[in-house]
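Below is one structure, written out as structure tokens; the observations come after it.
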Amino acid sequence: MTINFSSNFAKNIQNDAKRNDIRETVSALCVAAKQISHICARGPLESGLGDTTGGANSDGDAQKALDVRSDEIVTAALETAPVAYYASEEQDDVVTLDARKPLAVASDPLDGSSNIDTNVSIGTIFSIFTANEDALSSFLRAGSEQICGGFFVYGPQTTLVITAGDGTETYVLDPDTGDFELAIANMKITAASTEYAINASNHHHWEPPVRAYMEDCLAGADGPLGEKYNMRWVGSLVADANRILSRGGLFMYPGDDREGYQAGRLRILYEANPVAFVIEQAGGLATDGTQRIMDLSVDSLHQRVPFVFGSKKPVQMVADYHDEK
Ligand code: AFP
């Protein structure tokens, strides 16, 4: 046993067999997360974690050693679970594990690669669907079809933030027992917040609505928004998302005019959709600036999407700035 599920977890999944399939798959992901967490905890004692392997993922990002190792660990764990197909940031195409099995899992096995060598929180993101006959169509579908989603954070604690469509929960890997224990049930994000997360170094590449909103935030209490704003940017989506779940806030990775960044940097299948699922289930909002992320069509495995999420009020305000454009 690796995780002590709450009595609430997946209780809305009427079909016992599917509920058990989800539990088995999440348990397998917990086994993988424990291994990755252990490697992260050893850090520089595990030489070369942040070294590039010479390979690149489908997006052209240089693959780091821990990216590839995490992908191998997640794949091996899912081979023990009721999972037919696996789609990963580190694999160009869908991997068929066993086409007879009922589920499909998409993952960013190691989120926040740029922070690997800096002892800053990184993580693993996952999204679970019911498998279709065909491998690819099991993933080219709207995020609203997810049956479970979440992410692990490898930080001061190793945590799991997860939803199966009936609220968002946080589990902590208890170093004394080696099991994931429920720590926070039914998480709720504050509706209002004056804290934002964006990579401000891209300011001059932003579209006018994003630039206008950010400049009004920076204008502070004497500005049009009449409040002092604060900023945080970790460079690991899982860490920024976890902070926003904990104390509210706004995250933005908008599209911009850099080569290849017209649709932002984050991938809709295994980064934006699972994070949007946990954020919405905790009472927040998640959009591409205007549209609900989980309503958007997914036309390719590594499709990028502008991503705005967090407390309802600021996310809605960003949409208003786009409407006023
Ligand atoms: P990966 O290293 O897994 O691609 O994750 C990094 C990331 O996708 C996400 O975790 C961060 O929020 C974002 O990129 C950081 O982007 P910048 O390096 O442009 O700030």
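Start at 1 and go down the list; that is how both ligands and their atoms are numbered.
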Exercise. How are the rings of Phe309 and Phe307 set relative to one another: parallel (under 30°), tilted (30 to 60°) or perpendicular (over 60°)?
Worked result: tilted

Seminar exercise, completed: At a 4.0 angstrom heavy-atom cut-off, ligand 1 is contacted by Glu89, Asp108, Leu110, Asp111, Gly112, Ser113, Asn199, Trp233, Gly235, Ser236, Leu237, Phe251, Tyr253, Arg265, Leu266, Arg267, Glu271

Seminar exercise, completed: residues 83-110 vs salt bridge (Lys or Arg N to Asp or Glu O under 4.0 Å), sequence neighbours excluded, gives Glu89-Arg267, Asp98-Arg100

For this session: Using the side-chain hydrogen bond (donor to acceptor under 3.5 Å, both in side chains) rule, collect all pairs that involve residues 216-229, keeping only residues at least two apart or in two chains.
Result: Asp216-Tyr321

For this session: Determine whether the aromatic ring centres of Trp233 and Phe251 lie less than 6.0 Å apart.
Result: yes

For this session: Check ring pair (Phe, Tyr, Trp, His ring centres under 6.0 Å) between Phe139 and all other residues, then give those that pass, not counting sequence neighbours.
Result: none

For this session: Answer with yes or no after comparing the ring centroid distance for Phe180 and Phe152 against a 6.0 Å cut-off, counting only values under it.
Result: yes

